[in-house]
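Indexing begins at 1, ligand by ligand and atom by atom, following the structure's order. Worth knowing before you read on, the calculation uses all heavy atoms, side chains too, and leaves out hydrogens, waters and symmetry mates.
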Amino acid sequence: MIRYREAIEHLLAAVSQLPVESCRTAACSGRVLAAEVRSPIVLPGFDHAAMDGYALAALEPLEPGSEHRVIGSQAAGDAPRDAGGGAWEIMTGARLPDGLDAVVAVERTELLETAADGSPRRIRLLDALSEGQNVRRAGVDVQAGESVLAPGTPLGPAQIMLLASLGIAEVPVVRRPRVAVIGTGKELITDPAQSLSGGQIYSSNGPYLAAALAMAGAEVIACEVVDDTAVTYADAVRRAQAAGADLVVSTGAVSMGRYDFVPEALRRLGATALFHKVAMRPGKPLLAASLPAGPLVMALPGTPMAVAAGLRFFVTPVLRAMLGQGAEPELRAVLDTPQQPKAGLRHFLRAAFHLDAAGCLHARVMPQQQPFRIAPFAAADGWVVLDEEAGDCAAGRVVPVASLDPGTGLAMRSSGDDA
Ligand SMILES: Nc1nc2c(c(=O)[nH]1)N[C@H]1C(S)=C(S)[C@@H](COP(=O)(O)OP(=O)(O)OC[C@H]3O[C@@H](n4cnc5c(N)ncnc54)[C@H](O)[C@@H]3O)O[C@H]1N2
Ligand code: MOO
């Protein structure tokens with residue numbers, strides 16, 4: 001039985017980054033950037049007004065009470081203009097006429113004279129005005145040629161705003177890992193409209209994995225359930241292979257029972273085992289193997305929390321490697337509930353998080369940690385990880401934590417007041 005770190009090393013040695021493809025900026029949310037993006041233009045593109053008001057030349061600071069003739073009007077979208085020696089009415093976002101360098105907000109002026117059409121002709125300043133006031137200078141946000149996004153960046157709405165503002169229509173992204181999900185067990189019912197009989201249960205691992213894999217950036221190309229035979233399992237793996245899967249994630253049939261045929265089925269397919277059984281709880285019987293012509297197979301134990309821990313702490317790092325991303329940054333929290341983990345095993349525990357008054361993150365390990373229990377998982381905020389040498393953990397110990405799902409930040413649903 002190997003340890004977690006060693007198992008991850010074996011997995012990462014078996015995968016490499018997937019090919020690069022082009023993606024429309026408008027459609028790139030959830031993708032991972034494959035190459036550095038440099039800006040083709042400056043941002044802002046020209047000196048412009050930050051307020052609706054008047055643009056003036058204020059290299060020599062202007063006195064409160066000074067009066068100025070208004071000779072033109074400039075709105076957002078208007079072409080460059082020469083100031084022509086006077087003040088200009090100006091709107092927020094409008095390009096400053098050449099020769100002007102300061103903007104006074106309209107409410108900080110007194111209107112002395114208007115033209116027949118109602119446009120301002122003469123104004124008085126209520127305050128002093130100096131160069132640069134209420135002006136957004138060209139290039140202060142982004143310089144031309146500046147590196148704005150690094151490879152490996154997950155693209156979301158904020159990055160789309162930046163790319164769109166730079167007029168970048170397409171970006172290089174890493175192809176989504178193609179993942180086939182295979183559930184095993186004749187007890188499983190996949191149609192929620194079907195009523196259960198005898199020892200049947202609704203399959204929850206398939207829908208969970210499909211949702212979690214998508215959040216981790218994968219494309220789920222198949223999600224099926226096979227019965228308890230090595231032949232149907234091997235057929236499903238072959239179908240995944242033919243469909244171009246990079247990864248097969250299966251659940252169940254990897255433990256010690258008479259119907260736990262996955263190791264044998266993979267052997268017969270010519271797969272090379274990377275490891276079987278990891279010193280951890282839950283999910284110990286996890287098996288990983290690689291087929292000669294791909295894909296990598298990660299066979300998670302069927303128990304729902306073994307699937308959840310396997311997805312979060314084994315499949316997610318593999319997908320990150322395929323997407324050209326490094327290891328997830330480690331997060332830590334103060335443990336509120338003392339724990340006595342079994343020595344030599346890594347424990348993945350469901351927990352509720354809250355922030356204390358000082359803004360420090362706390363984790364309360366839920367009392368119901370049995371691996372078959374699904375309800376506490378759906379009520380949890382995330383995971384507490386206790387490593388093999390953690391020993392007895394008193395309250396107050398700082399421990400590693402992780403978000404409940406891959407690809408998300410920490411979220412918490414309680415303020416901690418009820419702690
Ligand atoms: N003699 C031993 N028995 C067991 C051991 C052991 O070391 N020696 N390990 C236990 C551990 S730990 C785990 S975890 C389970 C893993 O067993 P399998 O991977 O063989 O999984 P199954 O037996 O097929 O299923 C386990 C459990 O999960 C339910 N299940 C399966 N698939 C789904 C699904 N798609 N949706 C919802 N629930 C599912 C299944 O009905 C079983 O209840 O083995 C222990 N036994
Ligand atoms: O590792 Mo298993 O999920 O404890 O039952």
Side-chain angles (χ1 to χ4, degrees), residues 1-4 7 179-192 194 196-213 220 222-230 232-234 236-237 240 248-267 273 275-289 297-315 339 341-350 365-378 380 383-386 388:
M1 195 154 62
I2 67 171
R3 288 179 161 224
Y4 176 73
V179 185
V181 175
I182 304 171
T184 65
K186 67 174 171 20
E187 76 275 28
L188 301 177
I189 298 300
T190 52
D191 179 3
Q194 193 176 324
L196 301 177
S197 64
Q200 292 176 330
I201 61 169
Y202 291 116
S203 172
S204 53
N205 290 338
Y208 163 74
L209 285 172
L213 288 163
V220 178
C223 190
E224 60 175 312
V225 162
V226 298
D227 62 15
D228 292 307
T229 69
T232 52
Y233 183 84
V237 172
V248 171
V249 178
S250 72
T251 63
V254 284
S255 187
M256 307 291 284
R258 275 208 293 130
Y259 300 104
D260 293 340
F261 49 79
V262 166
E264 179 56 25
L266 288 172
R267 250 193 308 276
F275 55 83
H276 186 190
K277 295 196 174 93
V278 182
M280 65 178 188
R281 184 177 280 170
K284 177 185 78 175
L286 194 152
L287 180 158
V297 180
M298 299 178 77
L300 312 180
T303 315
M305 288 309 102
V307 173
L311 181 284
R312 190 67 188 86
F313 298 101
F314 287 80
V315 177
Q339 299 296 312
K342 189 158 186 255
L345 295 182
R346 181 165 291 235
H347 289 66
F348 300 108
L349 305 162
R350 273 71 66 213
V365 170
M366 298 170 124
Q368 317 88 347
Q369 292 293 327
Q370 299 95 321
F372 71 94
R373 291 184 72 146
I374 298 170
F377 180 47
W383 298 87
V384 161
V385 181
L386 300 180
E388 297 80 351

Q: Go through Y233 and S250 one step at a time and tell me if the side chain to side chain donor-acceptor pair (under 3.5 Å) criterion holds.
A: CA-CA 9 Å; Y233 183 84; S250 72; 2.7 Å; yes
Q: Identify which of V262, N205, T190 has a heavy atom lying nearest to atom 32 (N) of ligand 1.
A: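 Considering heavy atoms of V262, N205, T190, the nearest to atom 32 (N) of ligand 1 sits in N205.
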Q: May I ask you to check whether I201 has an N/O atom sitting below 3.5 Å from an N/O atom of ligand 1?
A: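 Such a contact does not occur with ligand 1.
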Q: Heavy-atom contact under 4.0 Å between S203 and ligand 1?
A: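 So S203 counts as touching ligand 1.
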Q: Let me confirm one number: the NZ-NE2 distance from K342 to H347, rounded to the nearest 0.5 Å.
A: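 That separation rounds to 8.0 Å.
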Q: Go through D260 and V254 one step at a time and tell me if the side-chain contact (heavy atoms from CB on, under 4.5 Å) criterion holds.
A: CA-CA 5 Å; D260 293 340; V254 284; 6.0 Å; no
Q: Using the ring-ring contact (aromatic ring centres under 6.0 Å, His included) criterion, which residues pair with F348? Sequence neighbours excluded.
A: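 F348: ring-ring contact (aromatic ring centres under 6.0 Å, His included) contacts with Y4, F313.
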Q: Under 4.0 Å from ligand 1, counting heavy atoms only, is it the side chain of L188, its backbone, both or neither?
A: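 The part of L188 near ligand 1 is the side chain, not the backbone.
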Q: Looking at K186, is its backbone amide N or carbonyl O close enough to the side chain of D228 to form a donor-acceptor pair, meaning the two atoms are under 3.5 Å apart?
A: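 Yes; at least one donor-acceptor contact below 3.5 Å.
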Q: Quick check against the 3.5 Å criterion: does N205 have a side-chain atom that pairs as donor or acceptor with the backbone of G302?
A: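 A pair under 3.5 Å: yes.
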Q: Out of curiosity, L287 CG to K277 NZ, how far, rounded to the nearest 0.5 Å?
A: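 Interatomic distance, L287 CG to K277 NZ, rounded to 0.5 Å: 9.0 Å.
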Q: Might you list the protein residues in contact with ligand 2, defined as having a heavy atom under 4.0 Å from one of its atoms, sorted by chain and number?
A: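 Protein residues near ligand 2 are P282, G283, K284, T303, A306, P371.
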Q: Any idea which protein heavy atom is nearest atom 11 (C) of ligand 1, and the distance to it?
A: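 Answer for atom 11 (C) of ligand 1: P285 CG, 4.0 Å.
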Q: Taking all non-hydrogen atoms of both residues, which atom of L286 and which atom of G310 are closest, and how far apart?
A: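 So the two residues come closest at CD1-CA, 4.1 Å.
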Q: Please write down residue, atom name and distance for the protein heavy atom closest to atom 36 (N) of ligand 1.
A: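 Looking at atom 36 (N) of ligand 1, the protein heavy atom closest to it is S204 N, 3.0 Å.
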Q: If you take all heavy atoms of L209 and V249, which pair is closest and at what distance?
A: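 In terms of heavy atoms, the two residues are closest at CD1-CG1, 3.9 Å.
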Q: What's the shortest distance from atom 8 (N) of ligand 1 to any protein heavy atom, and which residue and atom give it?
A: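 Of every protein heavy atom, M256 CG, 3.3 Å lies nearest to atom 8 (N) of ligand 1.
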Q: Using the test side chain to side chain donor-acceptor pair (under 3.5 Å), find all partners of T190 that sit at least two apart in sequence or belong to another chain.
A: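 T190: no side chain to side chain donor-acceptor pair (under 3.5 Å) contacts found.
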Q: For E187, check salt bridge (charged side-chain N to carboxylate O under 4.0 Å, His left out) against everything at least two apart and list the hits.
A: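 By the salt bridge (charged side-chain N to carboxylate O under 4.0 Å, His left out) rule, E187 matches no residue at all.
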Q: Please write down residue, atom name and distance for the protein heavy atom closest to atom 46 (N) of ligand 1.
A: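 Closest protein heavy atom to atom 46 (N) of ligand 1: S255 OG, 3.5 Å.
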Q: With the threshold set at under 4.0 angstrom, would you say P371 reaches ligand 1 through any of its heavy atoms?
A: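 Not so, P371 does not reach ligand 1.
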Q: Is E264 reaching over with its side chain to a backbone N or O of F261, donor-acceptor style, under 3.5 angstrom?
A: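 No: the side chain of E264 does not pair with the backbone of F261.
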Q: Could you see which bit of E187 sits under 4.0 Å from ligand 1, with heavy atoms only: side chain, backbone, both or neither?
A: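 The side chain, only.
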Q: At what distance is the nearest protein heavy atom to atom 22 (P) of ligand 1, and which residue and atom is it?
A: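 Protein heavy atom with the smallest distance to atom 22 (P) of ligand 1: A253 N, 3.9 Å.
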Q: Looking only at distance, does G302 have an N or O less than 3.5 Å from an N or O of ligand 1?
A: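 N/O-N/O distance under 3.5 Å: yes.
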Q: Can you confirm whether something in the protein, heavy atoms only, sits under 4.0 Å from atom 43 (O) of ligand 1?
A: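 For atom 43 (O) of ligand 1 the answer is no, since every protein heavy atom stays at 4.0 Å or beyond.
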Q: Give me the nearest non-hydrogen protein atom to atom 16 (C) of ligand 1 as residue plus atom name, then the distance to 0.1 Å.
A: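 It is P301 CB, 3.6 Å.
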Q: Identify the closest protein heavy atom to atom 23 (O) of ligand 1: which residue and atom is it, and at what distance?
A: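 Minimum-distance protein heavy atom for atom 23 (O) of ligand 1 reads D260 OD1, 4.3 Å.
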Q: Any donor-acceptor pair under 3.5 Å linking the side chain of H276 with the backbone of P285?
A: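 Looks like yes, one N/O pair under 3.5 Å.
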Q: With a cut-off of 4.0 Å, which atoms of ligand 1 are near a heavy atom of V254?
A: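 What qualifies from ligand 1 is 18 (P), 19 (O), 20 (O).
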Q: Is it true that a side-chain atom of R350 and a backbone atom of Q369 form a donor plus acceptor pair closer than 3.5 Å?
A: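 Yes: the side chain of R350 pairs with the backbone of Q369.
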Q: Note the single closest protein heavy atom to atom 15 (C) of ligand 1, along with its residue, its atom name and the distance in Å.
A: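 Sorting protein heavy atoms by distance from atom 15 (C) of ligand 1 puts T303 OG1, 3.6 Å first.
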